[in-house]
Structures are given as C-alpha cells and as structure tokens.
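Notes for the one structure printed next.
If you're wondering where the values come from, they're calculated on a predicted model, not measured in any experiment. Atom set for the values below is all heavy atoms of this structure, side chains included, hydrogens, waters and symmetry mates excluded.
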Amino acid sequence: MKKILKEAKDSRKIFKDMGMNKWREVTMSVLKNGDRFRIYSPAGRPLELGGEETLVAKSDAYELEGTWVVDVKTTG
C-alpha cells in the first residue's frame, strides 16, 4: 500500500535531515526522493507513521490537486 503525506495548512513544521545530526526547517515542496524528514504538530508533538518519527521520501514532492504531497516510507 502506498503511503502519501499531504501538506497541511495548520502550522505543522517539517524538518529535513541535513546530516551530522542537524535538522533544518523546510517546506514540503523541497523534499526529494531519499530525504529523511520529521513533521511536528503546532503543539510540538512528532507525527508518527508506523511507530516511527523519522520518515523517508520515496518520491520528490509533487502537486496533487493543488496540494504538495510526497510518497513516504518509515525508517524502521
């Protein structure tokens, strides 16, 4: 089953793994295939998918019906 994450307009924060344990806030539109990233709610809680906080993009971000989306897998 294909897992897709859609960009939300609720102040969620997306952080991309820049290597060397450094994370940078980015927008969904800049994610590329193979990027590791995390998403946090406005309250600061991490989004978990399959029990994992760190996700891996299985596609470059693309627009679907006017919303940025990315195919994902968990790192576990």
Side-chain angles (χ1 to χ4, degrees):
M1 181 167 84
K2 186 177 189 179
K3 295 178 185 172
I4 298 175
L5 282 180
K6 294 182 178 181
E7 182 178 48
K9 305 291 186 208
D10 65 355
S11 301
R12 291 181 190 179
K13 297 193 182 287
I14 301 171
F15 290 89
K16 178 180 166 184
D17 185 356
M18 304 305 287
M20 302 290 292
N21 202 29
K22 297 198 188 279
W23 295 82
R24 177 173 293 150
E25 187 173 354
V26 298
T27 60
M28 175 103 41
S29 63
V30 303
L31 294 176
K32 301 286 184 202
N33 187 24
D35 284 349
R36 291 170 26 99
F37 65 100
R38 295 178 178 167
I39 299 176
Y40 292 90
S41 74
R45 287 189 221 95
L47 171 78
E48 291 186 21
L49 187 62
E52 296 290 326
E53 291 179 18
T54 302
L55 308 171
V56 178
K58 288 184 68 173
S59 70
D60 289 354
Y62 56 96
E63 281 191 86
L64 180 65
E65 299 175 7
T67 301
W68 284 102
V69 298
V70 67
D71 301 336
V72 298
K73 67 178 177 179
T74 59
T75 58

| message | Return the NZ to OH distance between Lys13 and Tyr40, rounded to the nearest 0.5 Å. | response | 12.5 Å

| message | On a heavy-atom basis, which atom in Lys32 and which in Ala57 lie closest, and how many Å separate them? | response | O-CB, 3.3 Å

| said: For Phe37, give me all partners under ring pair (Phe, Tyr, Trp, His ring centres under 6.0 Å), at least two apart in sequence or on another chain. | reply: none

| message | Applying a strict under-4.5 Å side-chain criterion to I, L, V, M, F, W and Y, I'd like to know whether Ile39 and Phe15 cluster together. | response | no

| said: Keeping Ser59 on the side-chain end and Asp71 on the backbone end, is there a donor-acceptor pair under 3.5 Å? | reply: yes

| said: Within this structure, what is the CG-CG distance for the pair Asp35 and Asp17, rounded to the nearest 0.5 Å? | reply: 9.0 Å

| query | Who are the side-chain hydrogen bond (donor to acceptor under 3.5 Å, both in side chains) partners of Asn33, not counting sequence neighbours? | reply | none

| said: Let me check something: do Leu47 and Leu49 share a hydrophobic cluster, defined by ILVMFWY side-chain heavy atoms less than 4.5 Å apart, either directly or through other members? | reply: yes

Tell me which donor-acceptor pairs under 3.5 Å the side chains of residues 20-29 have, and how far apart each pair is, sequence neighbours excluded?
| unit_1 | atom_1 | unit_2 | atom_2 | d |
| --- | --- | --- | --- | --- |
| Thr27 | OG1 | Ser29 | OG | 3.0 |

| task | Indicate if Val56 and Met18 have the same hydrophobic cluster label, given that clusters are the connected sets of ILVMFWY residues with side-chain heavy-atom separations under 4.5 angstrom. | result | no

| note | The reported gap from NZ in Lys16 to CG in Leu55 (rounded to nearest 0.5 angstrom) is 14.5 Å

| task | Could you please spell out the steps behind the side chain to side chain contact (heavy atoms under 4.5 Å, CB included) verdict for Thr54 and Arg36? | result | CA-CA 7 Å; Thr54 302; Arg36 291 170 26 99; 3.6 Å; yes

| query | Which atoms form the tightest heavy-atom contact between Glu53 and Arg38, and what is the distance? | reply | O-CG, 3.6 Å

| Looking at residues at least two apart in the chain, or sitting in another chain, which of them share a salt bridge (Lys or Arg N to Asp or Glu O under 4.0 Å) with Asp60? | none

